[in-house]
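Only this structure's heavy atoms are used, side chains among them; waters, hydrogens and symmetry mates stay out.
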Protein chains: 2
Amino acid sequence: MAVTIKDVARVAGVSASTVTRALTMPELVHPETRERVKRVAADLGYHPNRAARGLITGRTGNIGLLVPDLANPFFPSVVKGVQARAHEADYAVFLADTDEDATAEIGLVRKLSKQVDGLLLCSPRMSDDELRTIVGDTPVVLVNRRLARVPSVTPELLDGMRQAISHLTALGHRRVAYVAGPRSSWANRERVRSLRTVAAAAGAELVETGNVTPQFEGGVAAADQVLATGVTAVIAYNDLVALGLLNRFTARGVAVPGEVSVLGFDDIPLSAMVHPALTTVDLPKEQSGRAGVDLLLQLLAEPDRSPAARRELPTQLIVRASTGIAPRRV
Amino acid sequence: MAVTIKDVARVAGVSASTVTRALTMPELVHPETRERVKRVAADLGYHPNRAARGLITGRTGNIGLLVPDLANPFFPSVVKGVQARAHEADYAVFLADTDEDATAEIGLVRKLSKQVDGLLLCSPRMSDDELRTIVGDTPVVLVNRRLARVPSVTPELLDGMRQAISHLTALGHRRVAYVAGPRSSWANRERVRSLRTVAAAAGAELVETGNVTPQFEGGVAAADQVLATGVTAVIAYNDLVALGLLNRFTARGVAVPGEVSVLGFDDIPLSAMVHPALTTVDLPKEQSGRAGVDLLLQLLAEPDRSPAARRELPTQLIVRASTGIAPRRV
DNA sequence: CGAATCTATGAAAACGTTGGCGATCTTCGC
DNA sequence: GCGAAGATCGCCAACGTTTTCATAGATTCG
């Protein structure tokens, strides 16, 4: 029913091979025939059958994208970036949402990996070892996670953290709490690590509080604990958690930023919409998605480049209303 | 490199045809050989090559999902539902985001339609005519839109609107504004239509205000206009717009719900997180996604069922803090 | 007991494309 | 003017699966 390469060949008066060549290796065919074939193909609306092509080339023209939770507005932004860049390169994107479940993640990877040329793992929750076994099987690029000898794109977290702490210390804060995200999150581990470094350098005391789910509810749950530590400022694992803190503080009548300043990570759209608007460290979301696709395509094109490409993208502190001068404590 | 059907055949001591049959039409092969083949296949970790299968069956095992804007939290929920149900049925999901652009939408449909068995169009922005041409080419199920002779899943909007208006009139509101969404949105047209019906029946006066982009910014932009009309309550096209209204009202010092009540549609997670929490009509999001997949699979299984399946899913008013007793006007 | 029907399986064609190989024709260097 | 090299293109095998079609043996029936 659909128009095949043979139809084009017949109409153009050449063989099927010439059609293929005219379309995929144009320099190998005579300019005149090439143009004729191309015109016929266009007229007939010919598009190579991807299954047939995939069968012989071993390539599907698809890439897979795994994200932990599409309900966290951070990830739709990444997805948008991935989509945009992938479609430009004529790749289609399989999306899978793992619901923050490392086990489901592994299953989905196994399933998807058969149907794609490469995988983009965004903030994967599985362990390094599990990750390694996958990397052995399928071309993989990590977004928001780093692992030796695996291409990755990550934000310049250390710098972002430096901006955050500079901002808070400049406002007079000396004791700062950090509300940690999931233990399984590399991003969380990195935030803790860079925060310790930066806080020490700035002479600020750091109070680390429990690991929470990286959602609004996590922030709500951690809020009282944070207040009990008597800090004047709190940095949250991400914006959703920060919004949860904000919500609970407001409910308890704790003034933000009067009594406590709140600072998040990600800069999701929502953060600008609430009262008080959230001060946060903007992470490159769409850009990460795009860069991830670039790295993956590069990896597919030349699989045996020795040093794994690694891209770090800049971060930017966005100062809004949720941070202010530290209160005098008695 | 990967294990093929021939490997299984060789190890099991049968022909390739028998392997196929044992796995896809089990009743056709002798129970004993069937079990042996299945065991060998499992041991070797055999998975049929989907490209090869697709080449001959004409089926890809993929479905495409188009959404207008992944940044609107309504859609990630739908996507999650689609994912979940599709994976259960062993289908993979191609996702595409059209950025609210009807033209891009058509292009993406054309591109995707070659690579999938069927398409799930969620809140498509293109015209009915454009939609029709697509429906002719590819199996399509509409989510959040209705069109004659095309399977669809939609929310019971009329009932939701009835709940909303009953709630407002019970609180004493007599003049209610509606902030309209995109003209290209079927959902918007339906909301207007059912709102007119319901408002007339309830004896409430309806003030319709300009079409805005279905985002936070749209609500912000419409807020002053709404206030100028002197209504005591406003229904927004969706929650994002409602949150924009809320934000601007707060900024202008207009008390919600003291001076004006605000009511949204969708019940996105965000709506429960803001102050005041938003009263809204919950639409079945994940459920719509799941039902859409069901309809699509059904359509693929028996393409020539005369009456197009149509599913309507219940809606539910969620009363929170943004609606209250109508103020006495002088 | 012979023919007809079933059951269980294998051989081979087909799906639409790509790519290696070889054939033909032209061009070039000497 | 002749062999070598280059350009252009067709033939055919291959990719991994499904699906007729055919076959051999087992079973049933009159």
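Of the possible donor and acceptor atoms, none in the side chain of A:Asn72 sits under 3.5 Å from a partner among the backbone N and O of A:Phe75. Remark: the backbone N or O of B:Gly61 is paired with a side-chain donor or acceptor of B:Asp117 at under 3.5 angstrom. Of the possible donor and acceptor atoms, none in the side chain of A:Lys285 sits under 3.5 Å from a partner among the backbone N and O of A:Gly81. Remark: the backbone N or O of B:Arg183 is not paired with any side-chain donor or acceptor of B:Arg125 at under 3.5 angstrom. Checked by atom type and distance alone, the side chain of B:Glu130 pairs as donor or acceptor with a backbone atom of B:Ser127 at under 3.5 Å.
The rotation axes computed at either terminus of the helix from C:dC1-D:dG30 to C:dC30-D:dG1 lie 40° apart, taking five pairs at each end and rounding to 10 degrees.
Summarising the geometry of B:Leu147 relative to B:Arg310, their closest heavy-atom pair is O-NH2, 3.7 Å, with the distance given to 0.1 Å. Summarising the geometry of B:Asp294 relative to B:Arg85, their closest heavy-atom pair is OD1-NE, 2.6 Å, with the distance given to 0.1 Å.
Across the protein-nucleic acid pair, A:His30 atom NE2 and C:dT26 atom P stand 12 Å apart, rounded to whole Å. Nucleotide D:dC21 holds its P atom 16 Å from the CG atom of B:Leu28, rounded to whole Å.
Contact annotation: A:Thr33 does not reach the phosphate of D:dT8 (side-chain N/O to OP1 or OP2, under 4.0 Å).
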Handout entry: Protein-to-nucleotide contact annotation, 5' to 3' order, nucleotides 11-19 of chain D [B base; S sugar-phosphate only; - none; under 4.0 Å, heavy atom]
Key = BB-BBBBBB
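Salt bridge A:Arg10/A:Asp7: present, at least one basic N to carboxylate O contact under 4.0 Å.
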